[in-house]
Amino acid sequence: MPNTLVDPVLIASHLVVSLQQIVSRKAPSHVPTVLSFGKFDAPGATNVIPEKVFLEGTFRTMDEKWRTRALKEIESLVHGMAESMGAKAECTIVRGYPVLINDIHLTDLLVNTSVQYLGQNNVNDLELRMTGEDFARYSQFMPAGFYRLGTGFPNRNINFPVHHSSFEVNETALKTGMGLMAFFAVGILTADKKT
């Protein structure tokens, strides 16, 4: 006979709150860290306590040592809390993308080259972002410089961001992007000859 005292929905709810303390209490104060849960699924009827609950989220940070430690903490907390409340938990962690590291010297070269090609008013520094980026894997093995190319329409009041259902690309960005990449290649080759 199943243990009627075990309520997976209640356990998962407590778990979400407890996991947030890994970020608020244990994350180094100088390291940007985000832990959020965007999917909570308790299949079944609305008047029946489900047998299982599924919880999915994302963990992002800008420090790989802290990521390794935090993921172990998450797994330990999930199993420990479930066990303490008479339940069992499975915890599957997909490590995801590493932190994106922009090489200082390469980035400076790319910024200066961009200014030459596009003009000072068309080159902007962006704030740190907690988005996941597959390009980050390259930056773990070689000097990298990540940039974003604007694809909006200058004559529109609203340009929707990527991942928005109304996002539209200004195709002139293809020409600008190809020209900029060729200009980068010339700039890098020229810089290599000077050193």
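Sequence positions, counted from 1, serve as the residue numbers for this chain.
Counting non-hydrogen atoms of other residues, nucleotides and ligands closer than 6.0 Å to OH of Y138 gives a total of 12 or fewer. Atom CG of L189 is surrounded by more than 12 heavy atoms from other residues, nucleotides or ligands within 6.0 Å. Within a 6.0 Å radius of CG in D125, other residues, nucleotides and ligands contribute 12 heavy atoms or fewer. More than 12 heavy-atom neighbours from other residues, nucleotides or ligands sit within 6.0 angstrom of CZ on F135. Within a 6.0 Å sphere centred on CE of M130, heavy atoms belonging to other residues, nucleotides or ligands number more than 12. The local environment of NE2 in H105 is sparse, with at most 12 non-hydrogen atoms from other residues, nucleotides or ligands closer than 6.0 Å. Few gaps surround CG on L126; more than 12 heavy atoms of other groups in view lie less than 6.0 Å from it. Atom CG of D134 has more than 12 heavy atoms from other residues, nucleotides or ligands within 6.0 Å.
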Test side-chain contact (heavy atoms from CB on, under 4.5 Å) applied to I188 and L109, step by step: CA-CA 8 Å; I188 290 168; L109 176 64; 3.6 Å; yes
side-chain contact (heavy atoms from CB on, under 4.5 Å) between V169 and F167, intermediate numbers included: CA-CA 7 Å; V169 173; F167 174 68; 3.4 Å; yes
side-chain contact (heavy atoms from CB on, under 4.5 Å) evaluation trace for K72 with T68: CA-CA 7 Å; K72 287 178 186 172; T68 298; 4.2 Å; yes
Salt bridge (Lys or Arg N to Asp or Glu O under 4.0 Å) assessment of K52 paired with E90: CA-CA 11 Å; K52 294 181 179 182; E90 290 181 28; over 6 Å; no
Residues L19, L77; criterion side-chain contact (heavy atoms from CB on, under 4.5 Å); working and verdict: CA-CA 7 Å; L19 286 168; L77 185 69; 3.4 Å; yes
Side chain to side chain donor-acceptor pair (under 3.5 Å) assessment of N170 paired with T172: CA-CA 6 Å; N170 183 343; T172 61; 2.8 Å; yes
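Listed for the N159 side chain is a donor-acceptor partner under 3.5 Å among the backbone atoms of F153. Listed for the S139 side chain is a donor-acceptor partner under 3.5 Å among the backbone atoms of A136.
The pair E83-K88 does not count as a salt bridge, with every side-chain nitrogen at least 4.0 angstrom from each carboxylate oxygen. The residues E73 and R25 are annotated as not salt-bridged, no charged nitrogen and carboxylate oxygen being separated by less than 4.0 angstrom. We find that R95 and E64 are joined by a salt bridge, their nearest charged nitrogen and carboxylate oxygen being less than 4.0 Å apart.
Scanning both residues, P32 and T61, for their nearest heavy atoms gives O-OG1, 3.0 Å. Across T190 and V186, no two heavy atoms sit closer than the pair OG1-O, 2.7 Å. Residues H164 and F160 share a closest heavy-atom pair of CE1-CD2, 3.3 Å. The nearest pair of heavy atoms linking A82 to A89 is CB-CB, 3.6 Å. The shortest non-hydrogen separation linking V6 to G86 is CG2-O, 3.2 Å. V78 approaches C91 most closely through the heavy-atom pair CG1-CB, 4.0 Å.
At least one side-chain heavy atom of H14 sits less than 4.5 Å from a side-chain heavy atom of M81. The closest side-chain heavy-atom distance from R69 to K65 is not below 4.5 Å. In this structure, the side chains of I22 and I74 come closer than 4.5 Å at one or more pairs of heavy atoms. In this structure the side chain of L118 reaches within 4.5 angstrom of the side chain of T176, judged on heavy atoms. Taking 4.5 Å as the limit, every side-chain heavy atom of E56 sits out of range of all side-chain heavy atoms of F40. Here the side chains of L106 and L110 are in contact, with some heavy-atom distance below 4.5 Å. With a 4.5 Å cut-off on side-chain heavy atoms, Y97 and R60 do not count as touching. When side chains are defined from C-beta on, P8 does not count as touching E51, because their heavy atoms never get closer than 4.5 Å.
Taken together through direct or relayed side-chain contacts under 4.5 Å among Ile, Leu, Val, Met, Phe, Trp and Tyr, I93 and L15 form part of one hydrophobic cluster. Y147 and L174 are assigned to two separate hydrophobic clusters, defined by single-linkage of ILVMFWY side chains at heavy-atom distances under 4.5 Å.
Rounded to the nearest 0.5 Å, atoms CG (L180) and OG1 (T113) are 8.5 Å apart. Distance check: K39 NZ to F54 CZ gives 9.5 Å after rounding to the nearest 0.5 Å. Once rounded to the nearest 0.5 Å, the distance linking OG1 of T107 with CD1 of I101 reads 11.0 Å. Separating the CD1 atom in I11 from the CG atom in L55 is a distance of 12.0 Å, to the nearest 0.5 Å. Note that CD of Q140 and CG of L100 are 8.5 Å apart. Values are rounded to the nearest 0.5 Å. Interatomic distance, CZ of R67 versus CE of M62, reported as 10.0 Å (0.5 Å rounding).
Checked against the 6.0 Å centroid threshold, F59 and F37 do not count as a close aromatic pair.
In this pair, F183 and Y117 present their aromatic rings tilted. The plane angle is within the 30 to 60° band.
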